[in-house]
Amino acid sequence: MLQAAFWGGVAGSAVLLGCFTGLAFHIPKKWTAWIMAFGTGILIGAVSFELLVEAVEQSNLKITAIGFILGSGIFTIINSILSKKGGHERKMSGVKKAKGAGMAIFFGTLLDAIPESVLIGASLIEQSKVSWLLVIAIFLSNFPEGLSSSIGLLKEGFSKKKIIGMWISVFIISAIAALLGFILLDGASVSSLSLIGAFAGGAIMSMVASTMLPEAHEDAGAAVGLITSLGLLSSLVLTHFS
């Protein structure tokens, strides 16, 4: 049980680590975009190789498709609402122009983090050990989010203390979400776990397509295609040797 909270915290700590890095050092936007692109590739692999394939094998294609579409659709609706308030800028390091964007960015980050953390907790139920691919993928996607968002929030006028406090709360909530995922889903049927895995996969894919890849391409250009592909290949290698 505590293992679930620990690994959820490890994945969530990347936001805080990115925050400290962004506030302490001048990191070229292109470097941040490269990390984001690589993390995107690994996330796509984690969804494909860890979540969808296992969901189909453990239940069936119908349950997997329903969960995936629901996850993608619900994430898209909530993300659309937050985007109108500035939440779409959570991965951008420029000055935030939308009124109230700071809190929208915070809730947008939680929208990204919670299903990922719940999934980490649920993976421990099925495998009795953490999915390294999921943890690495989530960590690499969270780091540039914390880095770029912190720089942007600082430019907007947020104090360093407030920014750090926001990301500490994300770190804590990530650990709690993973713990709850383990506790609440323990004893759930295989079909239910498959549905939840596919649901999380749909949410993650929508997040990748709507926030990570567009921002990475904007800052790093065509190189993002190659780097994302390398991330996907890395996830395949990790899956093969895990």
Side-chain angles (χ1 to χ4, degrees), residues 10-47 79 82-83 86-98 101-113 116-117 133-160 162-171 174 204-235:
V10 168
S13 69
V15 178
L16 190 56
L17 181 61
C19 167
F20 287 134
T21 302
L23 296 180
F25 305 100
H26 173 69
I27 307 296
K29 291 180 69 174
K30 185 173 290 188
W31 293 10
T32 304
W34 289 344
I35 298 171
M36 192 178 296
F38 189 77
T40 295
I42 292 187
L43 270 177
I44 293 172
V47 169
N79 192 49
L82 289 173
S83 292
H88 64 290
E89 298 177 326
R90 61 188 178 273
K91 298 183 187 295
M92 301 180 182
S93 56
V95 178
K96 314 305 178 191
K97 296 182 174 61
M103 292 311 298
I105 289 167
F106 171 71
F107 287 117
T109 301
L110 285 181
L111 178 64
D112 299 341
E116 296 169 345
S117 299
L133 180 57
L134 278 176
V135 172
I136 292 171
I138 294 169
F139 188 95
L140 286 176
S141 68
N142 282 343
F143 178 81
E145 180 166 355
L147 192 155
S148 58
S149 293
S150 297
I151 296 172
L153 289 171
L154 189 64
K155 291 177 180 177
E156 189 187 355
F158 279 70
S159 67
K160 290 184 178 181
K162 187 170 185 178
I163 294 171
I164 292 171
M166 289 169 66
W167 299 147
I168 287 176
S169 66
V170 171
F171 162 69
S174 295
I204 291 171
M205 283 302 300
S206 292
M207 182 266 289
V208 162
S210 62
T211 60
M212 294 182 69
L213 278 178
E215 172 64 10
H217 185 270
E218 181 178 337
D219 290 340
V224 163
L226 174 61
I227 296 172
T228 302
S229 299
L230 291 175
L232 178 58
L233 179 61
S234 297
S235 70

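Note that the numbering runs from 1 along the sequence shown for the chain.
Closest non-hydrogen pair, Val224 versus Ala37, comes out as CG1-CB, 3.9 Å. Here the closest non-hydrogen pair linking Phe139 and Ser13 is CE1-OG, 3.9 Å. When every heavy atom of Asp219 is checked against every heavy atom of Ala33, the shortest pair comes out as CB-CB, 3.7 Å. What you find for Gly39 and Leu140 is that their closest heavy atoms are CA-CB, 3.9 Å. Here the closest heavy-atom approach between residue Ser235 and residue Gly41 is recorded as OG-O, 4.2 Å. A pairwise comparison of heavy atoms in Ala11 and Asn142 identifies O-ND2, 3.0 Å as the closest pair.
Rounded to the nearest 0.5 Å, atoms CE (Met36) and OG1 (Thr211) are 7.5 Å apart. Leu43 contributes atom CG, which lies 11.5 Å from atom CD1 of Ile136 (distance to the nearest 0.5 angstrom). Atom CE of residue Met205 and atom CE of residue Met207 lie 10.0 Å apart, to the nearest 0.5 angstrom. Residue Leu232 holds its CG atom at 6.5 Å from CD1 of Ile44, rounded to the nearest 0.5 Å. From Leu23, atom CG reaches atom CH2 of Trp167 across 10.5 Å, with rounding to the nearest 0.5 Å. To the nearest 0.5 Å, atoms CG (Leu134) and OG (Ser117) are separated by 10.5 Å.
Listed for the Thr228 side chain is no donor-acceptor partner under 3.5 Å among the backbone atoms of Gly225.
Side-chain contact between Phe171 and Val15 is absent, with no heavy-atom pair separated by less than 4.5 Å. For the pair Ile35 and Leu147, the minimum side-chain heavy-atom distance is 4.5 Å or more. Side-chain contact between Ser206 and Asn79: absent, with no pair of heavy atoms (C-beta onward) separated by less than 4.5 Å. Side-chain contact between Thr21 and Ile27 is present, with heavy atoms from C-beta onward closer than 4.5 Å. Contact check for Leu16 versus Val170: no side-chain heavy atoms found under the 4.5 Å cut-off.
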